[in-house]
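Okay, so here's the structure we're looking at.
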Amino acid sequence: MELTITQPDDFHLHLRDGALLQAVTPHSAKHFGRAIIMPNLKPPITTTSSAVSYRESILKAIPKTSNFTPLMTLYLTDATTPHEIQLAKKSGFVYGVKLYPAGATTNSQDGVTDLFGNCYSVLEEMVEQGLPLLVHGEVTNPEVDIFDREKVFIETILEPLIQRLPQLKIVMEHITTMDAVKFVESCKEGYVAATVTPQHILLNRNALFQGGLQPHNYCLPVLKREIHRRAIVSAITSGSKRFFLGTDSAPHDRRNKERACGCAGIYNSPVALSLYAKVFEEAGALDKLEAFTSFNGPDFYGIPRNKSKIKLRKSPWKVPECLSFPFGDIIPMFAGETLDWEALLI
């Protein structure tokens, strides 16, 4: 069996910097036409000028045979100004502003502490400029159970936000719960959407503990109950335009994943399209795969769909046990397992 589809884009990607950037960029460039690049570096990408420098580093890491295009974002802080939003829009290569509640995930310590108190004028300017807010949707209050943090964020932040600024475009990133599905579906189409990762449609929280602690299945937002996984699968395979591909592929050196206090993040770029195809096939919805991978995201962001094509062939292949580089190893998602679908450029 073969499918030919419009080349997908990845609307949530971590490329890191330095040696990691050089190592992982070719994997994304192999299959995806474009990607929304997350800004949580050290130091974070908080200004248009720093986004320029980061973009140049990414472009140098792209293989010469690839037309992969990085779509840059800014990291929202309490000190971000409306003028910076104007500069970002004027640049022509910044496509969104990322909200990390302070302490929510990797390199989020510089994130927002009070969205409405410190950032409201910036959000108003984003409405004026047509720049979407890309949201890591979890509260960081230590009194809130980690499995409830997405639900509480919707109730305390997102619902008040869309009431106060209904024209602000919002992407709820890497959703993990039926609560997020219901929230996105309840909003005005074209203004609120969500990205969905391979891990949150294939794994539930049991995958963190089966056979012992599994650090390579640890990501943030953390995996949830099976009932939530099924709700997300149902949403993306329904044909809804509100959901689109965002891998949240997040590489770490193996040593940083397996140490006593391991890093959050699953590296899935080499296997993502194979895994999305698996889920859509199992749901009997392969006819809806192309819209999820290649149409819904560009349409929401207001950018043209890719003209190039890729082929998905049902041909078993084995995922490498690890990917070795001079700095160390990266363990890909489903390492050592056999996948049914293979992505090929045309």
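Just the heavy atoms: all of them, side chains too, but no hydrogens, waters or symmetry mates, feed the values below.
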Pair Y54-L15, side chain to side chain contact (heavy atoms under 4.5 Å, CB included): steps then yes or no = CA-CA 10 Å; Y54 187 29; L15 288 179; 3.8 Å; yes
L245/L273 under side chain to side chain contact (heavy atoms under 4.5 Å, CB included): CA gap, chis, key distance, verdict = CA-CA 9 Å; L245 185 159; L273 292 182; 3.9 Å; yes
Stepwise side chain to side chain contact (heavy atoms under 4.5 Å, CB included) check, M126 with L168 | CA-CA 7 Å; M126 289 171 62; L168 178 65; 4.1 Å; yes
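In terms of heavy-atom proximity, A335 sits nearest to E321 at CB-O, 3.4 Å. In terms of heavy atoms, G246 sits closest to T195 at CA-CB, 3.9 Å. F327 and A23 make their closest contact through CE2-CB, 3.8 Å (heavy atoms, listed as atom of the first residue, atom of the second, distance). The heavy-atom pair separating A272 from F32 by the smallest distance is CB-CZ, 4.3 Å. The two residues L312 and W341 have their closest heavy-atom pair at O-CZ3, 3.6 Å. Residues I175 and A194 come closest through the heavy atom pair CG2-CB, 3.7 Å.
Exactly one residue among T69, T6, N67, D9 makes a side chain to side chain donor-acceptor pair (under 3.5 Å) with N306. That residue is D9.
A distance of 8.5 Å separates CD in Q129 from CD1 in I85, rounded to the nearest 0.5 Å. Of the inter-residue distances, the one linking K224 atom NZ with K151 atom NZ reads 12.5 Å to the nearest 0.5 angstrom. Going from atom CD1 of I346 over to atom NZ of K311 covers 5.5 Å, rounded to the nearest 0.5 Å. Remark: S294 OG to I310 CD1 distance equals 6.5 Å, nearest 0.5 Å. The distance from atom OG1 of T73 to atom CG of L99, rounded to the nearest 0.5 Å, is 12.0 Å. Here CG of L115 is found 7.0 Å from CG of L133. Values are rounded to the nearest 0.5 Å.
Side-chain contact between P198 and F334: absent, with no pair of heavy atoms (C-beta onward) separated by less than 4.5 Å. No side-chain heavy atom of L223 sits less than 4.5 Å from a side-chain heavy atom of T176. You'll find the side chain of D248 reaches within 4.5 Å of the side chain of H14, heavy atoms only. Looking at T80 and L74, their side chains never come closer than 4.5 Å, going by heavy atoms from C-beta outward. Contact of the F153 side chain with the V135 side chain is registered, since non-hydrogen atoms from C-beta on lie closer than 4.5 Å. Using a 4.5 Å heavy-atom cutoff, the side chains of I170 and L165 are not in contact. L323 places a side-chain heavy atom less than 4.5 Å from the side chain of H27. When side chains are defined from C-beta on, N204 does not count as touching R230, because their heavy atoms never get closer than 4.5 Å.
The side chain to side chain donor-acceptor pair (under 3.5 Å) search around S324 returns D329, not counting sequence neighbours. Residues satisfying the side chain to side chain donor-acceptor pair (under 3.5 Å) criterion with R305, sequence neighbours excluded, are D299.
When the shell of 6.0 Å around NZ of K288 is examined, it contains more than 12 heavy atoms from other residues, nucleotides or ligands. Within a 6.0 Å sphere centred on NZ of K278, heavy atoms belonging to other residues, nucleotides or ligands number 12 at most.
Checked by atom type and distance alone, the side chain of D110 never pairs as donor or acceptor with a backbone atom of P43 at under 3.5 Å. Judged by distance alone, the side chain of K257 and the main-chain N or O of G265 form a donor-acceptor pair under 3.5 Å. Judged purely by atom type and a 3.5 angstrom limit, S238 uses its side chain to pair as donor or acceptor with the backbone of A235. S234 contributes no side-chain N or O that, together with a main-chain N or O of A231, makes up a donor-acceptor pair within less than 3.5 Å. Not a single donor-acceptor pair under 3.5 Å links the side chain of W317 to the backbone N or O of D340. No side-chain donor-acceptor contact under 3.5 Å links S66 to the backbone of P63. Under a 3.5 Å cut-off, the side chain of H12 and the backbone N or O of T247 do not form any donor-acceptor pair. Between the side chain of E150 and the backbone N or O of P221 there is no donor-acceptor pair closer than 3.5 Å.
By the 4.0 Å N-to-carboxylate-O rule, E226 lies close enough to R229 to be salt-bridged with it. Between K314 and E281 there is a salt bridge, with a side-chain nitrogen of the basic residue lying less than 4.0 Å from a carboxylate oxygen of the acidic one. Of the charged side-chain nitrogens involved, none lies within less than 4.0 Å of a carboxylate oxygen, so that K60 and E56 do not count as a salt-bridged pair.
The cluster map of Ile, Leu, Val, Met, Phe, Trp and Tyr, joined by side-chain heavy atoms under 4.5 Å apart, puts L339 and L3 in the same cluster. F209 and F147 fall within the same hydrophobic cluster, defined by Ile, Leu, Val, Met, Phe, Trp and Tyr side-chain heavy atoms under 4.5 Å apart, directly or through other members.
A donor atom on one side chain and an acceptor atom on the other are found under 3.5 Å apart for R16 and H252. Counting only N and O atoms by type, the side chains of E84 and T48 include a donor and acceptor under 3.5 Å apart.
Ring pair H136/H174: centre-to-centre distance below 6.0 Å.
With a 4.5 Å cut-off between side-chain heavy atoms of Ile, Leu, Val, Met, Phe, Trp and Tyr, the cluster of F244 takes in F11, I36, M38, L71, Y75, Y95, Y100, L134, V171, F300, Y301, I303.
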